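To start, the structure itself, in structure tokens.
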Amino acid sequence: VTRPEFEAFIARLNRDVFPAIAAESGARECRISLAYEKAFERLVYVSAKHYGGRFEHFKGKAPTEDSKPEVKGLEYKRGDNSVLARAMQAQALDLLLGGGVLEGSKRRPTCESNPAVFRALVDRWRSRILNHDLPLADILISKRLSKEPEHYKRPKKKDGTLGSPPPQVRAAIMARERGKDVGAGVRVEYVVADAR
């Protein structure tokens, strides 16, 4: 679908379809309308509300080399994941979305699609993690408790037994056992030493 075709579709919805639906339901006026604000040239979709997109246009304007992609919900944008996880994801997104993600990076004419480039990226990160000393600050994870640790429910496993609470809750319980004042609203820092 071309941009003019989609603009015409939105205009028809606002002009004909929504007013007709409102009238059929007995409404005196229709206050529903859609706006066609943006389109993506490339969209990297991870899950609902977790994506990165390279704009084709935004509010009727074509992107420039200074245009940043739209990134929502991904670890690279969140402070509750490790510095390493955020940095690796930022590098991958910068390649996938054709620039504008990393500090000082400009939008490039094309996006990277070659799997070998991404394999090399993963290999570099794997080597760094496995073969070099990592500062604690790079692997520290930080999450805020939304309630008291004892109010978190333990998830039920498929076999019916209770699983472990989330890692930040386990860390909070250990901190309490060591005499720390840890409760709702407190940010808990921890490191995952073995994910088994």
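Worth knowing before you read on, the calculation uses all heavy atoms, side chains too, and leaves out hydrogens, waters and symmetry mates. In this text, all values refer to a predicted model and were calculated from it rather than measured experimentally.
Cluster partners of Tyr51 are Phe40, Leu43, Tyr45, Phe55, Phe58, counting Ile, Leu, Val, Met, Phe, Trp and Tyr whose side-chain heavy atoms approach within less than 4.5 Å, directly or via other members.
Val83 and Tyr76 end up in different hydrophobic clusters when Ile, Leu, Val, Met, Phe, Trp and Tyr side chains are linked at under 4.5 Å. Tracing side-chain contacts under 4.5 Å through hydrophobic residues (I, L, V, M, F, W, Y), one never reaches Leu96 starting from Leu102; they form parts of separate clusters. Criterion: ILVMFWY side-chain heavy atoms under 4.5 Å apart, direct or through other members. Under it, Val191 and Met174 are not part of a common hydrophobic cluster.
The shortest heavy-atom contact between Gly98 and Cys111 is N-SG, 3.8 Å. The two residues Lys68 and Gly100 come nearest to each other via the heavy atoms CD-O, 3.0 Å. Minimum heavy-atom separation, Gly185 to Arg144: O-NH1, 2.7 Å. Scanning all heavy atoms of the two residues, the minimum distance from Val188 to Gln168 falls at CG1-O, 3.7 Å. Between Arg108 and Asp94, the shortest heavy-atom contact is NH2-O, 2.8 Å. Residue Arg187 comes nearest to Asp80 through the heavy atom pair NH1-CB, 4.3 Å, listed as atom of the first residue, atom of the second, then distance.
A salt bridge links Lys38 with Glu70; the closest basic N to acidic carboxylate O contact falls under 4.0 Å. A salt bridge does not link Glu75 to Lys77: none of the charged side-chain nitrogens sits closer than 4.0 Å to a carboxylate oxygen. With respect to Asp66 and Lys106, a salt bridge is recorded, a charged nitrogen being found less than 4.0 Å from a carboxylate O. A salt bridge is absent between Lys157 and Asp159: the closest approach of a Lys/Arg side-chain nitrogen to an acidic carboxylate oxygen does not fall below 4.0 angstrom. Using a 4.0 Å cut-off between a side-chain N of Lys or Arg and a carboxylate O of Asp or Glu, Glu148 and Arg176 qualify as a salt bridge.
With values rounded to the nearest 0.5 angstrom, Lys156 atom NZ is found 9.5 Å from Thr161 atom OG1. The distance from atom CG of Leu93 to atom OG of Ser105, rounded to the nearest 0.5 Å, is 11.0 Å. Between the CD atom in Glu177 and the CD1 atom in Ile173 there is a gap of 7.5 Å [rounded to 0.5 Å]. How far CZ of Arg126 is from CZ of Arg119: 11.5 Å, rounded to the nearest 0.5 Å. One distance of note links CD of Glu112 with CZ of Phe118; it measures 5.5 Å at 0.5 Å rounding. Here the CG-OG distance, from Leu13 to Ser33, works out to 10.5 Å after rounding to the nearest 0.5 Å.
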Solution key, residues 128-140 side-chain donor-acceptor pairs under 3.5 Å, sequence neighbours excluded:
{"unit_1": "Arg128", "atom_1": "NH2", "unit_2": "Asp138", "atom_2": "OD2", "d": "3.4"}
{"unit_1": "Asn131", "atom_1": "ND2", "unit_2": "Ser127", "atom_2": "O", "d": "3.4"}
{"unit_1": "Asn131", "atom_1": "ND2", "unit_2": "Ser127", "atom_2": "OG", "d": "3.3"}
{"unit_1": "His132", "atom_1": "ND1", "unit_2": "Ser127", "atom_2": "O", "d": "3.4"}

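Summarising the local packing, CG of Asp123 is surrounded by more than 12 heavy atoms from other residues, nucleotides or ligands at distances under 6.0 Å. A 6.0 Å sphere centred on NZ of Lys147 holds more than 12 heavy atoms belonging to other residues, nucleotides or ligands.
Identified under the salt bridge (Lys or Arg N to Asp or Glu O under 4.0 Å) test for residues 5-27, with sequence neighbours left out: Arg3-Glu7.
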- Task: Show your working on side chain to side chain contact (heavy atoms under 4.5 Å, CB included) between Arg31 and Phe18 and close with a plain yes or no.
- Result: CA-CA 9 Å; Arg31 294 185 181 184; Phe18 295 147; over 6 Å; no
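Panel note: side chain Arg107, backbone Ser67; no donor-acceptor pair is recorded below 3.5 Å. A donor-acceptor pair under 3.5 Å links the side-chain atoms of His50 to the main chain of Ala48, judged by distance alone. Arg170 places no side-chain N or O within donor-acceptor distance of the main-chain N or O of Ser164, the cut-off being under 3.5 Å. Panel note: side chain Tyr152, backbone Ser146; a donor-acceptor pair is recorded below 3.5 Å.
Two residues are said to be in side-chain contact when any heavy atoms from C-beta on lie closer than 4.5 Å; Arg54 and Val44 fail this criterion.
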